[in-house]
Structures are given as C-alpha cells and as structure tokens.
Amino acid sequence: MMQFGVIARKFSSSASVQSAIKNVTVIGGGLMGSGIAQVSAQAGQNVTLVDVSPDVLAKAQKSIGANLGRVAKKVYKDKPQEGEKFVAEALGRIKTLTDPVAAAKSADLVVEAIVENMDVKHKLFKQLDEAAPEHTILASNTSSLSINEIASVVKRKDRFGGLHFFNPVPVMRLLEVVKGAETSEATYNAMMAWGKAVGKTCITCKDTPGFVVNRLLVPYICEAIRLYERGDASARDIDIAMKLGAGYPMGPLELADYVGLDTNKFILDGWHKKYPDQPLFKPIPLLNKLVAEGKLGVKSGEGFYKYEKK
Ligand SMILES: CCCCCCCC(=O)CC(=O)SCCNC(=O)CCNC(=O)[C@H](O)C(C)(C)COP(=O)(O)OP(=O)(O)OC[C@H]1O[C@@H](n2cnc3c(N)ncnc32)[C@H](O)[C@@H]1OP(=O)(O)O
Ligand SMILES: NC(=O)C1=CN([C@@H]2O[C@H](COP(=O)(O)OP(=O)(O)OC[C@H]3O[C@@H](n4cnc5c(N)ncnc54)[C@H](O)[C@@H]3O)[C@@H](O)[C@H]2O)C=CC1
C-alpha cells in the first residue's frame with residue numbers, strides 16, 4: 001500500500017512539469033488527433049496539426065475551440081476575460097497543415113494518430129523519418145498494432161515509441177508510454193516527461209498487444225457482445241449491470257458504440273489473425289453483421305443503440 005502511494009505520487013500528472021519538447025506535430029486531425037493537439041496547446045506547446053483533409057482540419061479547430069471553452073468555463077469561472085484569453089492563446093498555438101513532410105521539419109516530437117492500418121502508417125513514417133530533424137522523436141497513438149512493427153520502416157528506431165491516449169483525450173487522464181524493443185532510455189524519459197507536461201498520468205508498458213488497457217478492455221467488450229448475441233441479457237441490462245454492479249462510467253455496449261464498432265472489429269480481426277488459437281479474439285458474427293450494415297455506433301447514428309446524428 002505504502003509502495004503504491006509512492007508510485008502514484010511519482011507518476012501523478014501535473015501540467016507544470018517541464019519537458020524539453022516544445023514543438024509537437026500531430027498527424028491525423030480526427031477524434032484522437034484533435035484531442036492530442038488540444039491538450040498539447042493547453043499545456044503551452046507549439047502544435048502543428050496535420051490531416052489530408054482540409055475539412056477535417058476545419059472541424060478539428062471548431063471542436064478544439066468548443067472544448068477549450070468548456071475548460072475555460074471551469075478554470076476561469078469568475079474571470080471570463082481571462083478564460084477568453086486562455087482559449088485564444090491556446091488556439092493561437094495550433095497551426096494546421098495538410099503536408100506531413102513540411103510539418104515534421106520543425107518538430108521535436110511527432111505523434112501519429114491516423115487510420116489504424118499498418119501499410120498507411122508505414123508509408124507515413126518512412127516520409128517522416130526522412131524529413132524530420134535528427135533529434136525528433138516519432139511516436140504512434142496506435143490502439144492495437146505493434147510498435148516494433150510500425151518502427152520497422154524507420155532508421156531512428158531508438159527515437160521511436162508509443163504514446164497511447166484515451167478517448168475523449170481532454171478528459172481521460174491516462175497516457176500509456178510504450179517502449180519498443182529499440183526505444184532508448186533517453187527517448188523513453190523524454191516521452192514520459194512530455195506526457196506529464198501535457199497533464200497526463202503516465203504508465204509504462206512493453207510492446208504487447210493492446211498494451212495494458214486494451215488488452216483488458218477488448219476481451220471485456222467482446223464478451224459483452226457475445227453475451228448479448230446469445231440472448232442471455234438485453235443490451236440495456238448488460239450496460240446497467242456493469243455501471244451499477246462494477247462502477248464503470250459506461251456499460252460495455254455503450255462504450256463499444258462510443259469507440260466505434262468498426263474499430264472494435266478491426267482490432268479483433270487483427271489479433272485473431274495473429275493469434276488464431278486465442279478464443280477471446282475469435283470473430284463475433286453479430287459484430288461483423290452490424291459493421292457490414294454500416295451500424296458503427298455513435299458516429300453512424302446506430303450500433304447497439306440509436307443516436308441522433310450530429
Ligand atoms: C473492442 C475495442 C475497444 C477499444 C478500442 C480502442 C480505443 C483505445 O485505444 C483506447 C480508448 O480510448 S478506450 C475508451 C476509453 N474511454 C472510456 O472508457 C470512456 C468511458 N466514459 C467516461 O469516462 C464518461 O462517460 C465520459 C467522460 C465520456 C462522459 O462523462 P459523463 O457521462 O459524466 O458525461 P458529461 O457529464 O457530459 O462529462 C463529464 C465531464 O467530461 C467533459 N467531457 C465529456 N466529453 C468530453 C469531450 N469529448 N471533450 C472534452 N470534455 C468532455 C464534460 O464537460 C464534463 O466535465 P465536468 O463539467 O468537469 O464534469
Ligand atoms: N477512437 C479511439 O477511441 C482511439 C483510437 N486510437 C488510435 O488513434 C488513431 C486514430 O484514431 P481516430 O482518431 O479514432 O481516427 P479518425 O478516423 O477519427 O481520424 C483519423 C484521421 O487521420 C486522417 N488521415 C488518414 N491518413 C492520413 C495521412 N496519411 N496523413 C494525415 N492524415 C491522415 C484522416 O483523414 C482522419 O481525419 C488510430 O491508430 C486508432 O487506433 C487510440 C486510442 C483511442
């Protein structure tokens with residue numbers, strides 16, 4: 001207990017922690033990338049947010065502005081002018097680009113948050129490795145792919161690692177810092193210091209499938225889908241059970257809809273291919289059916305539940 005207290009204090013987050021990294025490039029302006037850009041800018045970093053789509057970048061700026069407004073309302077409750085200044089300054093620290101190569105040239109750290117596809121990630125990291133200055137650390141926010149496999153295409157394997165954030169990034173306090181087989185101690189220390197500087201509590205994990213959280217969360221969600229598929233309980237009752245019986249903020253089926261059923265399926269299929277004998281990773285016909293029907297959860301308006309389209 002004593003030891004846990006010490007560890008908890010040692011790794012407790014603080015936005016005032018100093019990091020040598022001042023210029024961060026975030027690639028992918030979707031759900032995760034926009035959140036990573038926001039928390040970095042909030043912590044005083046100069047941020048370049050990159051996406052292939054200018055529309056995504058415009059949407060990301062809008063949602064970051066709205067989320068910074070939420071933070072300002074809380075932190076500067078009685079000082080609205082200071083709140084406005086905080087939002088304007090943080091937004092002013094984020095510039096947007098559609099060219100990852102140009103964006104890498106000024107980066108101390110690049111955090112990649114593009115589609116969960118090994119070939120697409122490889123193509124991007126090859127370009128980044130060639131374009132980025134010598135000292136730049138390259139990191140991936142992958143949910144389920146191997147950090148070593150992603151790093152296989154870069155020369156700077158010692159300056160490569162995993163920085164795995166959680167959705168919604170501005171709210172979830174954890175950051176998994178993943179050491180690849182060749183990640184140097186200096187890179188690891190820099191990633192830990194940066195994670196703390198952007199306000200997260202960091203934990204360390206080796207390059208193992210799903211790291212800590214998803215290795216436990218994916219089988220849990222999949223078992224909930226199988227329970228529902230067998231007709232053992234209704235979706236509503238499964239979710240109520242885990243919220244009221246186990247203290248989770250969302251039930252497993254709500255969380256699956258929130259993360260995206262396509263993402264759930266992608267992770268499961270990838271792990272099943274790699275570990276065909278592991279029963280926890282076996283395909284789930286109901287999940288496949290929902291995805292084939294375009295029922296992807298919150299983002300498509302329907303998954304296990306129906307949602308109003310935004
Ligand atoms: C099989 C595949 C599975 C894995 C797939 C891969 C995924 C990954 O790699 C890793 C992941 O991210 S796994 C997902 C991790 N996330 C979770 O588990 C979220 C669980 N849900 C929650 O914590 C709350 O329901 C939640 C915080 C979302 C909402 O909380 P509430 O229900 O209490 O609702 P609110 O009262 O509206 O919000 C509470 C406070 O949070 C603020 N907020 C909510 N959403 C936000 C957002 N999107 N951006 C910024 N701020 C946000 C909200 O303002 C409120 O703040 P306070 O006013 O201070 O309370
Ligand atoms: N959705 C989640 O809950 C979580 C996802 N992740 C991981 O984060 C990464 C991103 O996920 P999301 O933000 O959910 O995806 P998303 O689909 O919301 O965003 C991905 C963005 O990347 C852009 N993009 C694709 N290829 C690109 C390229 N070559 N260069 C620049 N931009 C490119 C797309 O236009 C899109 O806007 C994935 O690796 C995912 O596994 C990690 C933690 C949680």
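Because the structure is a prediction, the values reported are computed rather than measured. Read the numbers this way: they start at 1 and go in the same order the structure lists the ligands and their atoms. Positions are given from 1, in the same order as the sequence printed here.
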Query raised in the report: How about Lys95: does its NZ atom have over 12 heavy atoms from other parts shown lying under 6.0 Å from it?
Result: no

Report summary line: atom 30 (N) of ligand 2: closest protein heavy atom, distance to 0.1 Å, is Val52 CG1, 3.7 Å

**Report entry** Flag: protein heavy atom within less than 4.0 Å of atom 1 (C) of ligand 1
**Finding:** yes

Requested in this report: Output yes when Glu254 and Lys243 qualify as a salt bridge under the 4.0 Å nitrogen-oxygen rule, no when they do not.
Outcome: yes

Query raised in the report: Among all protein non-hydrogen atoms, which one is nearest to atom 5 (C) of ligand 1, and what is the separation to 0.1 Å?
Result: Val259 CG1, 3.3 Å

**Report entry** atom 12 (P) of ligand 2 - nearest protein heavy atom and its distance
**Finding:** Met32 CG, 3.9 Å

Report summary line: Numbered in order shown, the ligand 2 atoms found under 4.0 Å of a heavy atom of Thr142 are 39 (O)

Query raised in the report: Can you tell me which residue and heavy atom of the protein come closest to atom 55 (C) of ligand 1, and the distance to 0.1 Å?
Result: Lys74 NZ, 4.4 Å

Query raised in the report: Are any of the side-chain nitrogens in Glu82 or Lys85 under 4.0 Å away from the carboxylate oxygens of its partner?
Result: no

Report task. Please determine if Thr263 has a nitrogen or oxygen closer than 3.5 Å to a nitrogen or oxygen of ligand 1. Result -> no

Query raised in the report: Heavy atom under 4.0 Å from ligand 2: found in Thr263's side chain, backbone, both, or neither?
Result: neither

Query raised in the report: Is any heavy atom of the protein nearer than 4.0 Å to atom 17 (O) of ligand 2?
Result: no

Query - Any protein heavy atom nearer than 4.0 Å to atom 45 (N) of ligand 1 - result: yes

Query - Salt-bridge criterion met for Asp257 and Lys299 (N-O under 4.0 Å) - result: no

**Report entry** Phe304 ring center within less than 6.0 Å of Tyr258 ring center
**Finding:** no

Report summary line: Closest to atom 40 (C) of ligand 2 among protein heavy atoms sits Ser143 OG, 3.5 Å

Query raised in the report: Which of the numbered atoms in ligand 2 are below 4.0 angstrom from a heavy atom of Asn167?
Result: 3 (O)

Requested in this report: Give the contacting part of Phe165 toward ligand 2: side chain, backbone, both or neither, where contact means a heavy-atom distance below 4.0 Å.
Outcome: backbone

**Report entry** Among Ile21, Val24, Val169, side chain to side chain contact (heavy atoms under 4.5 Å, CB included) partner for Ser40
**Finding:** Val24

Query raised in the report: Would you say atom 58 (O) of ligand 1 touches the protein, meaning some protein heavy atom is under 4.0 Å from it?
Result: yes

Query raised in the report: What part of Val56 sits under 4.0 Å from ligand 2 if we count only heavy atoms: the side chain, the backbone, both or neither?
Result: side chain

Query raised in the report: Could any protein non-hydrogen atom be found less than 4.0 Å from atom 18 (O) of ligand 1?
Result: yes

Query raised in the report: Nearest to atom 38 (C) of ligand 2, what protein heavy atom do you find, and at what distance?
Result: Ile114 O, 3.2 Å

Query raised in the report: When rounded to the nearest 0.5 angstrom, what is the spacing between CD1 in Ile147 and CD in Glu182?
Result: 13.5 Å

Query raised in the report: Where's the contact between Lys123 and ligand 2, heavy-atom distance under 4.0 Å: side chain, backbone, both or neither?
Result: neither

**Report entry** Evaluation steps, side chain to side chain contact (heavy atoms under 4.5 Å, CB included), between Lys265 and Asn288
**Finding:** CA-CA 7 Å; Lys265 175 173 158 52; Asn288 291 344; 3.1 Å; yes

Query raised in the report: Can Ser300 and Tyr307 be said to form a side-chain hydrogen bond (donor to acceptor under 3.5 Å, both in side chains), step by step?
Result: CA-CA 8 Å; Ser300 73; Tyr307 304 88; over 6 Å; no

Query raised in the report: For the side chain to side chain contact (heavy atoms under 4.5 Å, CB included) test, which of Ser144, Cys222, Pro219 pairs with Leu268?
Result: Cys222

**Report entry** Nearest neighbour in protein (non-hydrogen) for atom 8 (O) of ligand 2
**Finding:** Asn141 ND2, 3.0 Å

Query raised in the report: For ligand 1, does Tyr258 get within less than 4.0 Å through its side chain, its backbone, both, or neither, judged by non-hydrogen atoms?
Result: side chain

Report summary line: ligand 2 to His164, heavy atom cutoff 4.0 Å, flagged ligand atoms 42 (C), 43 (C)

Report task. For atom 8 (C) of ligand 1, grab the closest protein heavy atom and report residue, atom and distance to one decimal in Å. Result -> Asn214 ND2, 3.4 Å

Requested in this report: Using a 4.0 Å heavy-atom cut-off, say whether Lys121 meets ligand 2 through its side chain, its backbone, both or neither.
Outcome: side chain

Query raised in the report: Would a 4.0 Å cut-off, counted as strictly less than, catch a protein heavy atom around atom 30 (O) of ligand 1?
Result: no

Query raised in the report: Is atom 23 (O) of ligand 1 in close reach of the protein, with a heavy atom under 4.0 Å away?
Result: yes

Report summary line: Per-atom filter on ligand 1: closer than 4.0 angstrom to a heavy atom of Ile221 are 3 (C)

**Report entry** Top protein contact for atom 19 (O) of ligand 2, by heavy-atom distance
**Finding:** Gly30 CA, 3.4 Å

Requested in this report: For the residue pair Phe211 and Thr142, establish whether any side-chain heavy-atom pair is separated by less than 4.5 Å.
Outcome: yes

Requested in this report: Between Val213 and ligand 1, find which residue part has any heavy-atom pair under 4.0 Å and reply side chain, backbone, both or neither.
Outcome: neither

Query - Lys121 bridged to Glu149 by N-O distance under 4.0 Å - result: no

**Report entry** Location of contacts on Asn167 toward ligand 1, heavy atoms closer than 4.0 Å
**Finding:** both

Report task. Inspect the contact between Arg156 and Asp129 and indicate whether a charged nitrogen and a carboxylate oxygen are less than 4.0 angstrom apart. Result -> yes

**Report entry** Side-chain H-bond candidate by donor/acceptor type, Ser106 with Asn23, under 3.5 Å
**Finding:** no

Query - Which residue and heavy atom of the protein sit nearest atom 39 (O) of ligand 2, plus the separation - result: Glu116 OE1, 2.6 Å

Report task. Specify the protein heavy atom at minimum distance from atom 23 (C) of ligand 2: its residue, its atom name, and the distance to 0.1 Å. Result -> Asp51 OD2, 3.2 Å

Requested in this report: Measure from atom 41 (O) of ligand 1 to the protein's non-hydrogen atoms and state whether any distance is below 4.0 Å.
Outcome: yes

Report task. Would you indicate whether Lys73, at its atom NZ, is surrounded by more than 12 heavy atoms from other residues, nucleotides or ligands within a distance under 6.0 Å? Result -> no

Query raised in the report: Looking only at N/O atoms, are Leu31 and ligand 2 under 3.5 Å apart anywhere?
Result: yes

Query raised in the report: Short N/O distance, under 3.5 Å, between Asn264 and ligand 1?
Result: no

Report summary line: protein heavy-atom neighbour closest to atom 53 (C) of ligand 1 works out as Arg70 NH1, 4.0 Å

Report task. Please check atom 32 (N) of ligand 2 for a protein heavy-atom neighbour under 4.0 Å. Result -> yes

Query - Evaluation steps, side-chain hydrogen bond (donor to acceptor under 3.5 Å, both in side chains), between Tyr305 and Asp239 - result: CA-CA 11 Å; Tyr305 299 98; Asp239 283 336; 2.5 Å; yes

Query raised in the report: Which of the atoms in ligand 2, numbered in the order shown and given with their element, are less than 4.0 Å from a heavy-atom of Ile27?
Result: 30 (N), 31 (C)

Query raised in the report: What do you think, any protein heavy atom under 4.0 angstrom from atom 26 (C) of ligand 1?
Result: no

Query raised in the report: Under 4.0 Å between a Lys/Arg side-chain N and an Asp/Glu carboxylate O for Lys289 and Glu229?
Result: no

Requested in this report: Give the cluster check for Val75 versus Phe86: same hydrophobic cluster or not, with ILVMFWY residues linked at side-chain heavy-atom distances below 4.5 Å.
Outcome: yes

Query raised in the report: Considering only heavy atoms, does Leu268 approach ligand 1 within less than 4.0 Å through its side chain, its backbone, both, or neither?
Result: neither

